[in-house]
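See below for the structure under consideration.
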Amino acid sequence: MYYINYHTGAGDNNAETLEQAKVLADQGAAYTQQPITIHDEDGEEVARRNWFGVEYNAEDDQETMDPITYGSFGYYGDWQE
């Protein structure tokens, strides 16, 4: 079991596999200005999408392949494991 934490105090979720957790987390992502983390059954962080409070620019950020963007307000970077 994997626990999705949006760091907002509400709306967190669970999933059976890490891949399912990532998909659910991406679907539930919102403009919170907080990272999204996934934890295993022991509470250990196993994956993270960091929040960046600047507009995503593909030309400047060649390493981010799958951002979740919020216009000029910011974006979530790729999953890190």
Side-chain angles (χ1 to χ4, degrees):
M1 182 68 66
Y2 292 88
Y3 175 71
I4 303 163
N5 187 341
Y6 295 103
H7 298 273
T8 63
D12 297 337
N13 208 340
N14 295 311
E16 291 294 320
T17 69
L18 180 57
E19 289 307 313
Q20 289 174 339
K22 287 179 182 180
V23 169
L24 285 173
D26 287 352
Q27 291 171 348
Y31 176 68
T32 64
Q33 299 181 342
Q34 299 295 319
I36 301 170
T37 56
I38 299 174
H39 302 262
D40 65 14
E41 291 178 348
D42 297 325
E44 296 294 320
E45 183 178 303
V46 295
R48 163 183 289 264
R49 260 196 195 266
N50 284 319
W51 171 258
F52 299 93
V54 296
E55 184 173 6
Y56 174 72
N57 183 332
E59 292 177 13
D60 290 341
D61 187 352
Q62 302 276 326
E63 295 179 16
T64 303
M65 306 304 280
D66 186 31
I68 299 174
T69 62
Y70 293 90
S72 62
F73 298 107
Y75 68 97
Y76 289 102
D78 291 339
W79 283 107
Q80 300 173 353
E81 293 184 35

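Computed over heavy atoms, backbone and side chain alike; hydrogens, waters and symmetry mates excluded.
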**Message:** So, using salt bridge (Lys or Arg N to Asp or Glu O under 4.0 Å) as the criterion, who are the partners of Glu59 when residues are at least two apart?
**Reply:** none
**Prompt:** Residues two or more places apart in sequence or in another chain: which of them pass side-chain hydrogen bond (donor to acceptor under 3.5 Å, both in side chains) with Asp66?
**Reply:** Arg49
**Asked** When Ile, Leu, Val, Met, Phe, Trp and Tyr are grouped by side-chain heavy atoms lying under 4.5 Å apart, directly or through other members, which residues fall in the same group as Tyr3?
**Response** none
**Message:** If the condition is side-chain hydrogen bond (donor to acceptor under 3.5 Å, both in side chains), which residues does Gln34 pass it with, not counting sequence neighbours?
**Reply:** none
**Message:** Checking Thr64 now: which residues fulfil side-chain hydrogen bond (donor to acceptor under 3.5 Å, both in side chains) with it, not counting sequence neighbours?
**Reply:** Asp61
**Message:** Test of understanding: with salt bridge (Lys or Arg N to Asp or Glu O under 4.0 Å), list the residues that count as partners of Glu45, not counting sequence neighbours.
**Reply:** Arg48
**Item:** Counterpart residues, ring pair (Phe, Tyr, Trp, His ring centres under 6.0 Å), relative to Tyr56 (two or more places apart)
**Value:** Tyr75
**Request:** For Ala29, check side-chain contact (heavy atoms from CB on, under 4.5 Å) against everything at least two apart and list the hits.
**Result:** Ile36, Ile68, Tyr70, Tyr76
**Request:** Check the surroundings of atom OH in Tyr31: do more than 12 heavy atoms from other residues, nucleotides or ligands lie under 6.0 Å from it?
**Result:** yes
**Item:** Spacing of CE belonging to Met1 relative to NE2 belonging to His39, to within rounding of 0.5 Å
**Value:** 15.0 Å
**Request:** Output every pair passing salt bridge (Lys or Arg N to Asp or Glu O under 4.0 Å) with a member in residues 6-24, not counting sequence neighbours, ordered by first then second residue.
**Result:** Glu19-Lys22, Lys22-Glu81
**Request:** Report the residues that fulfil side-chain hydrogen bond (donor to acceptor under 3.5 Å, both in side chains) with Trp79, sequence neighbours left out, ordered by chain and then residue number.
**Result:** Asp26
**Message:** Tell me if a side-chain donor or acceptor on Asp78 pairs with a main-chain N or O of Met65 at a distance below 3.5 Å.
**Reply:** yes
**Message:** For Val46, give me all partners under side-chain contact (heavy atoms from CB on, under 4.5 Å), at least two apart in sequence or on another chain.
**Reply:** Tyr2, Leu18, Ile38, Asp40
**Prompt:** When rounded to the nearest 0.5 angstrom, what is the spacing between CH2 in Trp51 and CZ in Phe73?
**Reply:** 9.5 Å
**Item:** Test side chain to side chain donor-acceptor pair (under 3.5 Å) applied to Thr37 and His7, step by step
**Value:** CA-CA 8 Å; Thr37 56; His7 298 273; 2.7 Å; yes
